[in-house]
Novice: 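Can you keep this structure in mind? I'll have questions shortly.
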2 protein chains.
Amino acid sequence: MWKKVVVVVYQYGASRIRHNPLDAAVTHNITGTGNTSPPKLEARERIRDAAIELFGEHGFNEVSLKEIACRAGVSAPLVIHHYESKRNLRKVCDAFVTEQIRRTKTESVRIAGPMPRNHALELIQSHRHLLKYLLQAFAAGGPEMDDLFDTLVEDSLEYTAEAEQLGLVYPSTNPRHRAVVLLLQSFGALMLHHQMKRHLGASPLDEESEGLLPYMAAVAEIYTRPLMNAEMYRELMESQQAFEREISDASPP
Amino acid sequence: MWKKVVVVVYQYGASRIRHNPLDAAVTHNITGTGNTSPPKLEARERIRDAAIELFGEHGFNEVSLKEIACRAGVSAPLVIHHYESKRNLRKVCDAFVTEQIRRTKTESVRIAGPMPRNHALELIQSHRHLLKYLLQAFAAGGPEMDDLFDTLVEDSLEYTAEAEQLGLVYPSTNPRHRAVVLLLQSFGALMLHHQMKRHLGASPLDEESEGLLPYMAAVAEIYTRPLMNAEMYRELMESQQAFEREISDASPP
DNA sequence: CACAGGCCTGAACGGTTGTTCAGCATCTAT
DNA sequence: ATAGATGCTGAACAACCGTTCAGGCCTGTG
């Protein structure tokens with residue numbers, strides 16, 4: 001039954017989150033027909049969805065309870081009545097989005113097979129609002145997000161290893177570190193989606209799903225062909241090592 | 001007595017900032033000789049520096065005027081007296097940081113020669129607070145930041161081309177797009193510096209400058225050796241092309 | 001029918017925010 | 001010495017925030 005709730009919520013979210021009386025009637029209809037177990041439906045889920053959408057769009061502190069309530073078609077005190085406080089609402093949203101993304105990820109992994117595409121791009125097409133929320137939550141921090149990031153790393157590590165055995169991905173001297181940096185780069189690039197859209201014409205986070213080819217092509221080229229020389233590599237590492245040696249020589253007396 | 005505490009805190013903060021000798025000389029000169037042009041020194045700069053530091057650390061909306069004033073060792077209304085409003089203060093900070101980074105960048109380019117290191121890493125060692133502010137400002141958006149990002153792209157493009165002629169960097173089918181994506185990835189990874197520190201042990205944004213080798217090594221490996229197969233590349237591009245074709249076939253009736 | 005209980009709301013409260021205002025020192029110029 | 005800027009402050013203000021409270025609507029149950 002919990003699943004059913006989730007499905008309804010998702011469909012609701014996919015329909016751009018209009019909270020008209022019509023939609024309210026529809027949800028009421030759905031709840032009224034079948035479920036015998038304690039429903040507790042309707043407004044509670046609408047509030048959560050509105051919060052997720054608005055937090056994802058504008059950030060946590062930029063959104064007031066009144067705006068959330070307004071988008072959910074309810075009053076502000078009701079938000080407090082259902083979720084104890086705004087902070088707790090955020091915690092619930094964090095947990096919900098985390099769970100939803102975890103499920104979506106494993107599903108998409110099953111479907112896509114051992115294709116180590118960009119994690120971010122994997123999620124984008126169907127769950128844009130979740131991804132937006134996720135990015136805001138990553139920026140804001142919090143233990144839920146730390147856990148989620150960890151599982152993303154583990155998942156990435158896992159099916160990158162599969163792809164490596166298939167010869168699609170080349171081995172690394174430190175697969176875990178590589179996976180982490182790739183995740184950081186992928187999600188980080190999405191956090192700058194505004195600049196990405198300005199310079200590349202489109203971003204995975206805006207409404208139209210088209211025009212991503214320039215970005216995909218650039219990323220693909222960077223990841224399939226070496227970008228810089230081995231000599232470059234050596235110089236980079238040596239300068240950094242020299243710098244760190246200099247630091248540690250100077251500081252610890 | 002409270003003031004004294006504040007002042008100490010500020011000086012400690014300022015000693016990390018390390019103003020340019022040029023700026024220090026100018027300010028001292030003005031105050032000492034009684035320049036005819038509007039002096040308005042001392043507190044005004046302190047407020048600006050405090051604002052930059054706090055905005056960079058906690059974000060624009062997370063910092064109140066009172067906190068800025070407290071760190072600058074003045075009262076809140078004085079902030080309004082010097083800078084018309086909080087929004088205007090942010091605009092001034094944007095312009096100042098932008099200008100400072102522009103200057104620093106050209107200097108570092110001169111010094112480093114045609115070494116297309118990470119732009120971010122280039123700035124980090126000496127101007128961490130500026131970089132923190134920059135990342136927050138990128139996240140918040142604004143025309144000043146758009147302009148700055150554009151010049152970063154142009155600069156990157158320019159001396160990547162130099163490095164290319166020296167054989168340190170390999171050519172691209174679209175150098176501009178590649179430069180943009182590299183910038184997005186570099187800065188974006190820094191925006192997730194919390195996760196970076198958790199998984200890689202250190203981040204360029206925290207106080208100690210050591211321990212960056214894991215990150216540098218992973219980045220260097222990604223950029224010097226191909227990550228995935230050409231077959232992988234083909235599949236990636238084709239799936240995206242197919243997806244976009246499907247979209248454009250369905251939508252424009 | 002009465003009545004209890006779960007949604008839900010309007011009004012109101014305390015706290016914080018950015019900003020305004022009147023006035024206090026300090027200094028310069030007349 | 002007087003007048004006038006200038007730099008700066010404490011007190012106060014309106015607006016908004018998250019949250020509380022008392023009560024109204026609706027539904028199910030005796």
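From a predicted model like this one, the values you see are computed outputs, not experimental measurements.
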Novice: Nearest whole angstrom, please: distance from the P of D:dT9 to the CD of B:E42.
Specialist: 12 Å
Novice: Take the protein atom CD1 of A:I68 and the nucleotide atom P of D:dC17, then report the distance between them rounded to whole Å.
Specialist: 11 Å
Novice: Output the residues of residues 80-88 of chain A in contact with DNA chain D, where contact means a heavy atom of the residue under 4.0 Å from an atom of the strand; sort by number or write none.
Specialist: A:I80, A:S85, A:K86
Novice: With ring pair (Phe, Tyr, Trp, His ring centres under 6.0 Å) as the rule and sequence neighbours excluded, what pairs involving residues 48-73 of chain A come up?
Specialist: A:F55-A:F60
Novice: C:dT17 P sits how many Å from B:L89 CG, rounded?
Specialist: 16 Å
Novice: In this structure, how many angstroms lie between the P atom of D:dC16 and the CG atom of A:N61, rounded?
Specialist: 18 Å
Novice: Name the one of B:K197, B:R198, B:H193 that satisfies side chain to side chain donor-acceptor pair (under 3.5 Å) with B:Q195?
Specialist: B:R198
Novice: Looking at C:dT9, C:dG18, D:dC17, which one has an atom nearest to any side-chain atom of B:S64?
Specialist: C:dG18
Novice: Are B:F149 and A:H199, when compared by the centres of their aromatic rings, separated by less than 6.0 Å?
Specialist: yes
Novice: Distance check needed: D:dC16 P versus A:E67 CD, whole Å only.
Specialist: 11 Å
Novice: Output, in order, the C-alpha distance, side-chain angles, deciding distance and verdict of side chain to side chain donor-acceptor pair (under 3.5 Å) for B:T151 and B:E154.
Specialist: CA-CA 5 Å; B:T151 76; B:E154 298 305 323; over 6 Å; no
Novice: Measure CD1/A:I47 against P/D:dT19 and give the value in whole Å, please.
Specialist: 13 Å
Novice: Below the 4.0 Å mark, does C:dC8 have OP1 or OP2 next to a side-chain nitrogen or oxygen of A:S75?
Specialist: no
Novice: From CG of B:L65 over to C1' of C:dG18, roughly how many Å is that when rounded to an integer?
Specialist: 6 Å
Novice: Within 45° of the six-membered ring axis of A:Y83 and under 6.0 Å from that ring's centre, is NZ or CZ of A:R48 located there?
Specialist: no
Novice: In whole Å, what is the span from the CD atom of B:E62 to the C1' atom of C:dG18?
Specialist: 16 Å
Novice: Under 4.0 Å between a side-chain nitrogen and a carboxylate oxygen: does that hold for A:E144 and A:K91?
Specialist: no
Novice: If you look at every strand shown and take non-hydrogen atoms under 4.0 Å, does A:V74 touch a base, only sugar-phosphate, or nothing?
Specialist: sugar-phosphate
Novice: Applying salt bridge (Lys or Arg N to Asp or Glu O under 4.0 Å), name anything that partners A:D147, two or more places apart in sequence or on another chain.
Specialist: none
